[in-house]
Structures are given as structure tokens and as C-alpha cells.
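Taking it in order: structure first as C-alpha cells, then the write-up.
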Amino acid sequence: MDKGSSNYQDRFIRKALSVYDAEQVIIEQVKRESIELVTIEHAYMRRSAQTITASAPVPHFRRSVMDGYAVRAQDTINASVEHPVKLRVVAVVDCGAAWSGQLQEGEAVRIMTGAMVPSGADAVVKLEQTSDMEQGAHGLDDEVSVKEEAQVGDFIHDAGIEIKQGTMLIDKGDVIEAGNMALLAMFGHSYINVYSAPKVAVIPTGHELLSVEAQLEPGKIRNSNSYLLSGLIRDAGGEPHLLPALPDDVDALASRIEDAMQEYDAVITIGGVSVGDRDVLYAYTQQWKGKLLFNKVKMRPGGPTTAGVYHDKLLFALSGNPSSCFVGFEMFVRPALLQMQGVKTPDRVRLRAKLASDYLVKDTVVRLVRGILYADEGGGLMVREAGLDSSNATITIRDANALIVIPPSEQDWAAGTVVDVIPVGRHSIKNR
């Protein structure tokens, strides 16, 4: 490319969007929503494409929460160890069984934990507060001595105490985890509609890239970013497709992207987004038939992150620096993949935490620093840098569970300052 041409010079003059505006521009372009029907055992970690409500209360009958005797509370008035009340045992109800009779004055029903409380009974007396049967073992017409006065409702769960009929169990866009699977089974849903996993092509670029199994060579590196993105895509509910690396060649890149756009729901390229002679993404997006959404964001790392859309398919061009690639995915690709799976508000969640140490880097744009979010001894949220704050650092991606949001400032940020943090990955808040 002629360095004296206006097209070459234009790559240095890019209109930068704020992080928020870039996020919104992408969200507005998401069109794809594909749905499939799966069995509940294959629904784990998929996102529901339907809203499911409780078709019945839980429990759907009055349930005993103790082994003991179902009684009428009024029949046990003044019962005590010294003056037990004798009741006639007319039935035995095991868990999973039901007694069709009606409890009458002076009667009791032997009942097990979880069993259906019979009609006419309004309390359960714990087994420990009764005597042994006076005749035989659990036979009908035997008597039981109740040694404690029962109150109405004792050790009985009413119908619907856990879940009322009509309660929403799973909303559209919810991740189906183990507890959701139990609810699906509880209410007889052997199948559920879920959003299909977005198929995402990953295209690494650069003369310097080696395959994972290759021996290192002077000036070259192994292609680790494709595998970083593979994990991130899966974590976001997508299906990664890792395509072979390409050299820094505009024509080869154009052919690969356009083929991928036909086959996949979204395409991510890695590298070539900056302003160097080998950074071919700018040249490609100036000649392609799609719409360029942005090619610069007011953030660091990942400022040259680029996005576009072609026939309703999104193209994300991420930096080849690992941390820049990571931040670009978390801020822009993940929300898009979530929206493809029915998530209503895919914007990144923000928490507030105190800086554990001074942050001494000044900048004119937002810095998104890999951080470790943890709770202090009092339960307050603290955050510290995960390590080397460099765009080519990889190990901090492994360790980070949050991005620390450092706004543009000419001042240092003192320890104890409250800042925004964006949880990332599936890491939980650490102890330290």
C-alpha cells in the first residue's frame, strides 16, 4: 500500500466511540435468534427460549414434615407427659400413599415424613412425643398416647408453600442450570425449547503465528488467541469454529471472511486492526460490502477493536495482543452472543469495589485493567490488579475475575477509592 495515499493516512484518523456507544451500536445490529427443541438432559447450560410457569402448586397436597401422627389439634388439648391423651389409630400413610378416609374425633393416623396429610387432620405430633403402640405394631384400632398438646398447623406444609401455581420458573434467556433441570422434571417438561448456540468462526492473522504443536522459531509465537477465544465463546454459550491462521494478506483475508460469513452466525478475526503496514483489517473494511460500525474505541487495551455487519452477520476484529483480545471479547462479543440467545439486557454487570492499592497510571481514555475481586474481612468488595498491566500479557487473563474500570484522569487513583468493576469469566469472588 502506498504510504503517501490518502487511504493509508486515513487509518491514523479514526472516529473513536465511547465503550458504551460501541456496545449499543453492536446490540442494535443483532438479528439472529435460532431455536431448537432438546430433552432436559441436554438442556444443561443452554438458554431457554420459552417462559415456563408452575402448572400446579408445590407441594400439591398438604405434606407432613415429620414422622409421627396426624391428629385433630383439639383432641390433644392439655396433653402432657403426666396426662397423655389416647387416640385410636385408624390408618397408616406412607410417603407416596394417600388415605381416602376422614379423620374423626378421637382418631389419629400414623404418618411418615413427606406423606399426604389426611382430610380432617390439622396437625402432626412428632413420633418422639408419643408412646409405643399399646397393642401390636402399627395395627388398626390400636391406641397411641400423645404426650404433648398440638397446635393447628404443627409440622404440616400447606399446598403451595414452596411454589404457588403460576409462579415463573424459567424466563426466556435464562441459563438452564441443575436447579432449573430439577424444576423442569418436577413439572413434567421432558423437552424444552432453547436458543441454538451461535456458531462463531475464529480467524487468526499474522505472519508470526505458529501452530500449537510447532517448535518455537526466532520472532514467531504460537497461536494462543484462538484457544483463548474458543473458551470464551463456549462460556458465552456459543459454538467456536477455529479456522486456520492466515498471513497478513488482504485478498486472502477477504476470501476467508466472506466464506465464513456464509456459514457462521458471527466471525471474529484476530490481529491486523492497528495502523501498521501489516495491519490489513483496516484496508479490508474500506473495500468490503458490509457496514463498518466502528474501528476505534476510547479504551485501553483494545482501542483499535473493530466491528461491522454484513447481511445481518457480525464481524468482530480484535487485537492480536492477548489482553486486548480478551477485553474486546468481554466488552463487545459476549453481549452480542448473549443477545443472540434471548438475553434481554446483555450489557455487562457492574459492581462497586475499593482499590486495594494505588493505581498510578494516568490516561485520556478508559482503562480496563485485569483485576482480582475479593471480599475483605468485613465482607466489603475490594479489587487489586491481577498482575502486569500490559496488553500483551496472558497470565493475567488466567488470574483475573474482573475488569477494573479506571476513567480518564490526570490524577493518580489512591487506595480505598471506590471504582466500577466488571465481573468476567465464571470466576467467583475470591477470599483474597
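- In this model, no donor atom of one side chain and acceptor atom of the other lie less than 3.5 Å apart for E149 and T76.
- Distance check, rounded to the nearest 0.5 Å: CD of E23 to CD of E28 gives 12.0 Å.
- By the side-chain hydrogen bond (donor to acceptor under 3.5 Å, both in side chains) test, Q165 pairs with no residue at all, sequence neighbours left out.
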Derivation of the side chain to side chain donor-acceptor pair (under 3.5 Å) call for T396 and D399: CA-CA 5 Å; T396 51; D399 296 336; over 6 Å; no
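- The two atoms that bring L253 and L246 nearest to each other are CA-CD1, 3.8 Å, heavy atoms only.
- With hydrogens and angles ignored, the 3.5 Å screen pairs no side-chain donor or acceptor of T417 with any backbone N or O of W413.
- For E107 against L103, the heavy-atom pair with the smallest separation is CB-CD1, 3.6 Å.
- Shortest non-hydrogen contact noted between L292 and N295 is CD2-ND2, 3.8 Å.
- Separation of atoms CE (M331) and CZ (F326) is listed at 10.5 Å; rounding is to 0.5 Å.
- Contact record, S145 with K86: OG-CG, 3.7 Å, taken as the closest heavy-atom pair.
- A side chain to side chain donor-acceptor pair (under 3.5 Å) check over residues 320-338, counting only residues at least two apart or in different chains, returns the pairs D235-R334, N321-S391, S323-R370, E330-R334, E330-R348.
- In this structure, E258 has no salt bridge (Lys or Arg N to Asp or Glu O under 4.0 Å) partners at least two apart in sequence or on a different chain.
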Report all side-chain donor-acceptor pairs from residues 353-361 shorter than 3.5 Å, counting only partners two or more places apart or in another chain.
from, atom 1, to, atom 2, distance (Å)
D358, OD1, A415, N, 2.7
Y359, OH, R367, NE, 2.9
Y359, OH, D389, OD2, 2.9

Quick one, Y227 with V212, criterion side-chain contact (heavy atoms from CB on, under 4.5 Å). Give me CA distance, side-chain angles, the key distance, then yes/no. CA-CA 10 Å; Y227 300 93; V212 173; 3.2 Å; yes
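- Annotation: side-chain hydrogen bond (donor to acceptor under 3.5 Å, both in side chains) contacts of R300 (sequence neighbours excluded): D363.
- Between the side chain of R63 and the backbone N or O of D158, no donor-acceptor pair lies under 3.5 Å.
- Residue pairs meeting the salt bridge (charged side-chain N to carboxylate O under 4.0 Å, His left out) criterion with at least one partner in residues 66-75, sequence neighbours excluded, are R72-D75.
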Full working for side-chain contact (heavy atoms from CB on, under 4.5 Å) between Y374 and L381: CA-CA 6 Å; Y374 64 94; L381 290 181; over 6 Å; no
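- Remark: aromatic rings of F294 and F332 are close, center separation under 6.0 Å.
- Around NZ of K199, the count of heavy atoms belonging to other residues, nucleotides or ligands within 6.0 Å does not exceed 12.
- A 4.5 Å side-chain heavy-atom check between V71 and L87 finds at least one atom pair inside the cut-off.
- Annotation: side-chain hydrogen bond (donor to acceptor under 3.5 Å, both in side chains) contacts of S226 (sequence neighbours excluded): N223.
- A distance of 3.5 Å separates OG in S211 from CD in E213, rounded to the nearest 0.5 Å.
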Should L403 and V327 be marked as a side-chain contact (heavy atoms from CB on, under 4.5 Å) after you check the CA-CA gap, both sets of side-chain angles, and the distance that decides it? CA-CA 8 Å; L403 295 175; V327 170; 4.2 Å; yes
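- The environment of CD in E410 is sparse: at most 12 heavy-atom neighbours from other residues, nucleotides or ligands sit within 6.0 Å.
- Between I52 and F187 the shortest side-chain heavy-atom distance does not fall below 4.5 Å.
- Between the side chain of Q341 and the main chain of L337, a donor-acceptor pair closer than 3.5 Å is present.
- Between K313 and K31, the closest side-chain pair of non-hydrogen atoms is not below 4.5 Å.
- In this structure, the side chains of I192 and V38 come closer than 4.5 Å at one or more pairs of heavy atoms.
- The heavy-atom pair separating L373 from A402 by the smallest distance is CB-CB, 4.0 Å.
- Every salt bridge (Lys or Arg N to Asp or Glu O under 4.0 Å) that R350 has, sequence neighbours left out, goes to D420.
- By the 6.0 Å contact criterion, CZ on F61 is enclosed, its count of non-hydrogen atoms from other residues, nucleotides or ligands being greater than 12.
- Distance check: L318 CG to L229 CG gives 6.0 Å after rounding to the nearest 0.5 Å.
- Applying the salt bridge (Lys or Arg N to Asp or Glu O under 4.0 Å) criterion to R222, with sequence neighbours excluded, gives no partner residue.
- Residues P240 and V200 are not in side-chain contact: their nearest non-hydrogen atoms beyond the backbone lie 4.5 Å or more apart.
- Applying the salt bridge (charged side-chain N to carboxylate O under 4.0 Å, His left out) rule to pairs touching residues 160-176 yields D171-K344, sequence neighbours excluded.
- Residues that satisfy the ring-ring contact (aromatic ring centres under 6.0 Å, His included) test with H241, not counting sequence neighbours, are Y264.
- Within the 3.5 Å criterion, the main-chain N or O of R46 finds no donor-acceptor partner in the side chain of S48.
- Listed for the D122 side chain is a donor-acceptor partner under 3.5 Å among the backbone atoms of A73.
- Closest approach of A22 to V297, counting heavy atoms only: CB-CG2, 4.2 Å.
- Contact check for V30 versus L314: side-chain heavy atoms found under the 4.5 Å cut-off.
- The neighbour count for Q411 CD, taken as heavy atoms of other residues, nucleotides or ligands under 6.0 Å away, does not exceed 12.
- Rounding to the nearest 0.5 Å places CE of M116 at 12.5 Å from OG of S64.
- L169 contributes atom CG, which lies 5.5 Å from atom CD1 of I163 (distance to the nearest 0.5 angstrom).
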From CA spacing to verdict: side chain to side chain donor-acceptor pair (under 3.5 Å), Q102, S119: CA-CA 5 Å; Q102 173 83 18; S119 178; 2.6 Å; yes
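- Under the 4.5 Å side-chain criterion, counting only non-hydrogen atoms from C-beta, L184 is in contact with I170.
- Taking the salt bridge (Lys or Arg N to Asp or Glu O under 4.0 Å) definition, one finds that D412 meets it with K362, sequence neighbours left out.
- Looking only at side-chain heavy atoms (C-beta outward), I268 and I203 stay at 4.5 Å or farther from each other.
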List the steps and the verdict of side-chain contact (heavy atoms from CB on, under 4.5 Å) for V194 and I35. CA-CA 6 Å; V194 298; I35 295 171; over 6 Å; no
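- Donor-acceptor pairing under 3.5 Å is recorded for the side chains of H42 and T39.
- In this structure, R47 fails the cation-pi test against Y195, since its NZ or CZ atom is not both closer than 6.0 Å to the six-membered ring centre and inside 45 degrees of the ring normal.
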